[in-house]
Amino acid sequence: MTDLFRSMDITATALTAERTRLAVISQNIANASSLAGAPGEYPYRRQTIQFESVLREARDGVPVGGVRILGIRSDDRPFAKLYQPGHPAANEQGYVEATNVELPLEMVDLMDAARSYEANLSAIRVLRQMLEQTLSITR
Amino acid sequence: MEIQRVESLLRQMQHQADPGGAKASPAQAFMDLLEKTSQQGVDATQAADRFLATGEGELHRVQIELAKADIAFRFLIEIRNKLTDAYQEISRLNL
């Protein structure tokens, strides 16, 4: 029975991964306008998520496993600088360090995550259809 | 000659279907399948209950468990249909 539903189990790991990716993107978007709290402090750093494939070969050579989250890392790109002389966190030149999140990039990532999620759902739907059609052999 | 060949083939098939040698009757096999399918349904319902009650687990995992139980149940129904068909076929035999 587990063999039969193997691809469903693989897809389940991908759905989990994509959902976590969405959480990371949400976090980035939520903090897109955050500034440093005080002079010399750093604002929110954009987070990126890394996936890793889990490929163990079963005895018949068919892959089992799926994908898992390798880690969530900070994006080391430089922070943006906003000219806001009145801001409590502004330096002598009047600049405040702002987060390195770029909203257009996050939006593209968002679409990518949504499409990937859909693609995995399609894989489940197709497996279901295949199994249901197989059941109709005896009809 | 032909009959012998068919018989040996039959024995082979029986051995493949039941390598342990514990002659499971079709009824017993059906009961086992029923047991497993029922267990799958119970697992899925428990996963759904746990998700609803505590929010633990993930929606897609629950849905996938339900889909698995659904497929298993449909398979059981197909087997039942075949068995009842076979029974009716036999009961209609003219003696």
Side-chain angles (χ1 to χ4, degrees), chain A residues 1-27 49 51 54 58-60 62-69 72 112-139, chain B residues 13 16-20 24 26-48 50-52 54-90:
Chain A
M1 215 61 125
T2 42
D3 251 28
L4 193 61
F5 297 121
R6 189 181 290 166
S7 78
M8 270 193 191
D9 291 329
I10 292 176
T11 303
T13 66
L15 291 177
T16 306
E18 291 301 336
R19 224 179 41 99
T20 315
R21 182 177 171 198
L22 182 67
V24 172
I25 297 171
S26 303
Q27 173 79 349
I49 190 167
F51 294 158
V54 184
R59 25 190 179 76
D60 50 0
V62 181
V64 289
V67 64
R68 70 173 172 162
I69 294 152
I72 296 171
D112 195 21
R115 295 291 169 269
S116 305
Y117 198 89
E118 276 175 27
N120 282 293
L121 288 182
S122 301
I124 291 189
R125 190 164 51 244
V126 168
L127 176 69
R128 254 193 89 133
Q129 281 167 0
M130 281 164 70
L131 292 178
E132 275 168 16
Q133 281 161 5
T134 310
L135 285 179
S136 69
I137 286 178
T138 47
R139 260 171 237 152
Chain B
M13 282 165 67
Q16 275 170 358
D18 188 18
Q28 188 56 46
F30 184 73
M31 288 310 283
D32 287 349
L33 182 67
L34 186 66
E35 194 73 41
K36 277 183 194 152
T37 310
S38 161
Q39 190 55 45
Q40 196 124 32
V42 169
D43 287 350
T45 317
Q46 276 176 353
R50 197 163 47 243
F51 182 74
L52 285 175
T54 66
E56 269 175 44
E58 289 176 287
L59 182 61
H60 59 260
R61 293 263 178 202
V62 176
Q63 289 285 75
I64 285 174
E65 285 309 313
L66 287 171
K68 285 180 185 176
D70 181 48
I71 296 281
F73 185 70
R74 281 171 195 234
F75 175 61
L76 184 76
I77 296 294
E78 290 299 327
I79 301 290
R80 187 213 58 172
N81 289 347
K82 275 287 145 198
L83 283 177
T84 46
D85 282 357
Y87 169 76
Q88 273 162 8
E89 199 79 30
I90 290 169

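Per chain, numbering begins at 1; letters A, B, ... match sequence-line order.
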What distance do [X] atom [atom1] and [Y] atom [atom2] have between them, rounded to the nearest 0.5 Å?
X       : Y       : atom1 : atom2 : value
A/Ile10 : A/Met8  : CD1   : CE    : 12.0 Å
B/Arg80 : B/Glu78 : CZ    : CD    : 9.5 Å
B/Leu76 : B/Lys36 : CG    : NZ    : 12.0 Å
A/Thr13 : A/Leu15 : OG1   : CG    : 8.0 Å

* Structure fact -> The interface call for B/Asp85 against chain A, heavy-atom contacts under 4.5 Å, is neither
* Asked: Between B/Lys68 and chain A, which part of the residue has a heavy atom less than 4.5 Å away: side chain, backbone, both or neither?
  ->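 Both parts, heavy atoms under 4.5 Å.
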* To do: Spell out, as yes or no, whether a donor-acceptor pair under 3.5 Å connects the side chain of B/Thr84 to the backbone of B/Asn81.
  => yes
* To do: Check whether any side-chain N or O of A/Ser116 sits under 3.5 Å from a backbone N or O of A/Asp112 as a donor-acceptor pair, and report yes or no.
  => yes
* Please tell me if the side chains of B/Ile71 and A/Phe5 come closer than 4.5 Å, counting only heavy atoms from C-beta onward. => yes
* Asked: Are B/Phe75 and B/Thr37 side-chain neighbours, meaning at least one heavy-atom pair lies under 4.5 Å?
  ->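 Side-chain contact under 4.5 Å: no.
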* Structure fact -> Residues of residues 57-67 of chain B with a heavy atom under 4.5 Å from any heavy atom of chain A, in residue-number order, are B/Glu58, B/His60, B/Arg61, B/Ile64, B/Ala67
* Asked: Just wondering, are more than 12 heavy atoms of other shown residues or ligands nearer than 6.0 Å to CD in B/Gln88?
  -> yes
* Should we count CZ of A/Phe51 as having more than 12 external heavy atoms under 6.0 Å? -> yes
* **A/Thr134, part contacting chain B, at a heavy-atom distance under 4.5 Å** =>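 Answer is neither: A/Thr134 stays 4.5 Å or more from chain B.
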* residues 121-132 of chain A: residues contacting chain B (heavy atom under 4.5 Å, by number) -> A/Ile124, A/Arg128, A/Leu131, A/Glu132
* If you take all heavy atoms of A/Thr20 and A/Thr16, which pair is closest and at what distance? ->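 Scanning both residues, the minimum pair turns out to be OG1-O, 2.8 Å.
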